[in-house]
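To start, the structure under review is shown below, and the notes come after it.
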Amino acid sequence: MPLKFKLIHHQTGYLNPADDMKPTSVDVEIRHDPLTGDRSRILNFRLRSLGKLDHSEYLERDKGHTCPFCPGNVEKMVSRFLPEEVPEGLLRRGEAVGFPNMFPYEAHNAVLRLTKAHHVLPSQFTPRQLADGLLMAVDSFKRVTPKAHYAAVNWNYMMPAGGGVVHPHFQIVAGINPTRFQSRLIRRAKAFAKRESAGMMAAYLEHEKIDRSRWVGRVGPVVWLVPFAPRAIYDLMALSPEGKGLMEFTPKQILGLARGMCRVVSFLEARGVNAYNMALHTSLKPEAGLPFMLRIVSRVHIPPMAVDEINYFEKLHDETVCFLSPETIAKDIKTMWRE
Ligand SMILES: [Zn+2]
């Protein structure tokens, strides 16, 4: 059975106080993601504009704190790698500085400070800065975790996304075991390959290229699209059409990947998204079977009451509620996407 883009509609009705208590019919759309098995509910109510990106609340709280990642402090205040792992203590590349996370989630969990500047707006990141972070991740996986099979490059941008400090930084994780999301992706890719004698990601991209409605464009080694069943209101995904992972990309391809990431986060800023999470999933060994997947998802607070986009449905039912359809978002980002 090829990939299934399953979509179910439920109709519900009520007497509408905004329309003289006349009967109103409302559509609830439930989507099953063919890659991940995720389930999302698309509610085509109009999402009010998020307004202009505003970090003043976080910058105000940040005042008077000494930032350990700022130039001059980073040399004194952050942890160092063990001498047998990285004899020079800190990893360095361009503006990026890498060091172990003092509060680790995995056997290998390092922090990669990305920029010299303390506060950087999404549209201000340069492809070079993000590429240096990714190249440092590759370097760290090779030097510090030669035995690990699975890895991720993650980003909590600003406090609503779980960022502990304003200063931009990636968090990289590598392990012998995949995370729960990764293991699901591996299981589904393996089952698909066994059943269809073909790659799941290639089949997905083939479908999406013909369909066009969620396709954004190719930059460097990856294709950007909006997933069929998103994990957030804004969810942008990059897949690798040739099946390569981060460890197989050339430095030039990694710069291309970073160029796409810059376009995506600039788009998020233009739509008023204050905070986002990123995860780049990749195999460290060819036999690990984890397909490359990068996701950048919004973590918005919806005005005027700053309502968190994550509610009981996502937190406790493992289903995402989206207020914009993936097709609407793909159309929107394409207005800003310059090939
Ligand atoms: Zn700083």
Side-chain angles (χ1 to χ4, degrees), residues 52-82 85-86 88-106 108-141 144 152-173 254-255 257-259 261-270 272-280 296-301 306:
K52 204 172 163 348
L53 177 145
D54 180 10
H55 287 161
S56 54
E57 188 186 341
Y58 318 118
L59 296 176
E60 189 56 41
R61 272 185 231 150
D62 191 43
K63 269 187 193 163
H65 287 103
T66 306
C67 171
F69 298 176
C70 271
N73 297 343
V74 74
E75 295 77 7
K76 303 190 289 266
M77 292 178 71
V78 301
S79 58
R80 307 251 168 157
F81 286 102
L82 298 170
E85 292 173 337
V86 179
E88 65 271 37
L90 297 173
L91 293 168
R92 287 185 183 274
R93 179 184 279 273
E95 293 182 46
V97 182
F99 43 90
N101 189 354
M102 289 200 281
F103 311 101
Y105 306 152
E106 237 304 349
H108 178 56
N109 183 192
V111 177
L112 312 183
R113 183 206 77 172
L114 292 172
T115 58
K116 283 186 176 157
H118 179 68
H119 176 239
V120 183
L121 289 171
S123 62
Q124 292 171 333
F125 289 105
T126 66
R128 186 72 265 156
Q129 286 169 333
L130 299 187
D132 280 341
L134 295 172
L135 286 162
M136 181 175 276
V138 170
D139 192 29
S140 172
F141 295 141
V144 186
V153 181
N154 310 283
W155 191 0
N156 296 332
Y157 179 76
M158 298 303 283
M159 285 68 226
V165 290
V166 166
H167 206 125
H169 59 285
F170 287 162
Q171 285 204 33
I172 58 171
V173 177
I254 288 182
L255 189 62
L257 173 61
R259 218 166 48 238
M261 287 161 64
C262 284
R263 284 187 202 175
V264 167
V265 298
S266 293
F267 166 71
L268 295 182
E269 176 181 321
V273 174
N274 266 345
Y276 52 81
N277 291 119
M278 180 188 89
L280 177 164
I296 299 179
V297 298
S298 60
R299 293 294 303 275
V300 299
H301 289 160

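Remember, it's 1-based here, ligands and their atoms both numbered in the order they're listed.
- Applying the ring-ring contact (aromatic ring centres under 6.0 Å, His included) test to Tyr58 and every residue at least two apart in sequence or in another chain returns nothing.
- Remark: side-chain polar atoms of Ser140 are not paired, donor with acceptor, to backbone N or O of Met136 under 3.5 angstrom.
- Neighbours of the Zn ion (ligand 1) restricted to protein N, O or S atoms under 2.8 Å: the count is 4.
- Close placement of the Tyr157 and His55 rings is indicated, their centers lying within 6.0 Å of each other.
- A side-chain donor-acceptor contact under 3.5 Å links Asp62 and His118.
- Using a 4.5 Å cut-off on side-chain heavy atoms (C-beta onward), Val273 and Ser298 make contact.
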*Step by step, would you call Leu130 with Phe170 a side chain to side chain contact (heavy atoms under 4.5 Å, CB included)?*
CA-CA 9 Å; Leu130 299 187; Phe170 287 162; 4.2 Å; yes
